[in-house]
Amino acid sequence: MLKVFESFAGYGGASFGLQKAGMEFDCVGYSEIDKGAIKCYEQNHKGVLNYGDIKRINPEELPDFDLFTGGFPCQDVSIAGNRDLSKGRTNLYQEILRIVSVKKPKFLLLENVKGLLSTEVNERGLINIIVSDLQKIGYGVIWKVLNSKDYGTPQNRERIWILCKLGGWYFNEFQFPE
C-alpha cells in the first residue's frame with residue numbers, strides 16, 4: 001500500500017485526488033499551520049497526525065512514506081500578487097528538499113501557480129533552480145502546466161505540476177494526461 005505524506009496540506013487535496021483515482025494508500029501524516037485548513041482536514045481525514053509547521057519538522061521523527069505531496073505557497077510568484085520572493089513563502093520549497101533529502105520517498109508530487117515559470121532569481125528561472133535542487137538530491141524531474149478546465153472542473157486554473165522520481169525516469173516512463 002502506498003504511504004503518503006501531505007505537506008502544505010490544506011483540506012487534504014492530495015488524499016482526495018488519490019481516493020478519486022481509486023488508489024489504495026495510507027496517509028501517514030500531514031503538515032499544515034492554517035487553523036481553518038486544519039479543521040477542514042481533520043473533518044475530511046480522521047486520525048491523521050498533523051506535524052505542524054514544516055520549518056519545525058524533524059525528518060527523523062516522520063514515519064517512512066513513498067509519496068510526498070505539496071502545493072508550496074504561491075503568493076510570492078503569483079501574477080495576482082506583488083511577485084516578491086523576499087517574503088520567503090515560496091522559498092518554503094527548500095523545506096521540502098530538507099525533508100525528502102533525509103526520507104528519500106520514491107515519488108514527489110508538487111504543485112504551484114503558472115507564475116513560477118516566469119519568476120527569476122539572479123537572472124535564472126526559479127523553476128530551473130527548483131529542478132536543479134531536486135536533481136542534486138537524486139530525483140528525476142518532469143513538469144507540465146495543466147489547466148483544471150481540461151479535466152472536468154468548472155474553473156480556469158493553470159497550475160504547474162512537478163513529478164519527481166528517486167533515481168530518475170526512464171524515457172517516456174510517465175506521460176502527463178492530455
Mutual orientation of the aromatic rings belonging to Tyr51 and Phe5 [parallel < 30°, tilted 30-60°, perpendicular > 60°]: tilted
For the student: nearest non-hydrogen atoms of Gly70 and Phe8, plus distance: CA-CD1, 4.5 Å
Expected output: side-chain Ser101 to main-chain Leu97 donor-acceptor under 3.5 Å: yes
Cluster overlap Ile96 with Ile129, hydrophobic side-chain contacts below 4.5 Å: yes
Same cluster (ILVMFWY, side-chain, under 4.5 Å), Tyr139 and Leu62: yes
Donor-acceptor contact below 3.5 Å, side chain Arg98 vs main chain Tyr93: no
Glu24 atom CD, over 12 foreign heavy atoms within 6.0 Å: no
Donor-acceptor side-chain pairing of Ser31 and Glu6 below 3.5 angstrom: no
Shared hydrophobic cluster, Leu166 / Leu108 (ILVMFWY, side-chain heavy atoms < 4.5 Å): yes
Co-members of the apolar cluster containing Met23 [side chain, <4.5 Å]: Leu2, Val4, Leu18, Phe25, Leu67, Phe107, Leu109, Ile142, Leu146, Tyr151, Trp161, Leu163, Trp169, Phe174, Phe176
Residues, nucleotides or ligands: over 12 heavy atoms within 6.0 Å of Lys39 NZ: no
Nearest non-hydrogen partners of His45 and Ser15, listed with the distance: CE1-CB, 3.5 Å
Over all atoms of both residues, closest heavy-atom pair of Lys103 and Asp64: NZ-OD1, 2.9 Å
Lys/Arg N to Asp/Glu carboxylate O, Glu158 vs Lys149, below 4.0 Å: no
ILVMFWY network linking Tyr30 to Leu110, side-chain heavy atoms under 4.5 angstrom: no
Polar side-chain atom of Ser7 near backbone of Thr69 as donor-acceptor pair, under 3.5 Å: yes
Expected output: side-chain Lys104 to main-chain Ile137 donor-acceptor under 3.5 Å: yes
Heavy atoms from other residues, nucleotides or ligands near NZ of Lys106 exceed 12 (cutoff 6.0 Å): no
Reference residue Ile127; test side chain to side chain contact (heavy atoms under 4.5 Å, CB included); the match among Asn112, Val141, Ile162: Ile162
Ring-ring centroid check Tyr11 Phe16, cutoff 6.0 Å: yes
Heavy-atom donor-acceptor pair, Asn147 side chain to Asp150 backbone, under 3.5 Å: no
Close side-chain approach of Ile160 and Val113, heavy atoms under 4.5 Å: no
Residue Lys3 excluded, over 12 heavy atoms near NZ under 6.0 Å: no
Side chain proximity check, Trp143 to Glu111, heavy atoms < 4.5 angstrom: no
Expected output: side-chain Gln155 to main-chain Arg157 donor-acceptor under 3.5 Å: no
From Ile99 atom CD1 to Gln94 atom CD, the distance as rounded to the nearest 0.5 Å: 12.5 Å
Qualifying residues under side chain to side chain donor-acceptor pair (under 3.5 Å), relative to Asp26, sequence neighbours excluded: none
Same apolar cluster: Val48 and Phe68, side chain cutoff 4.5 Å: no
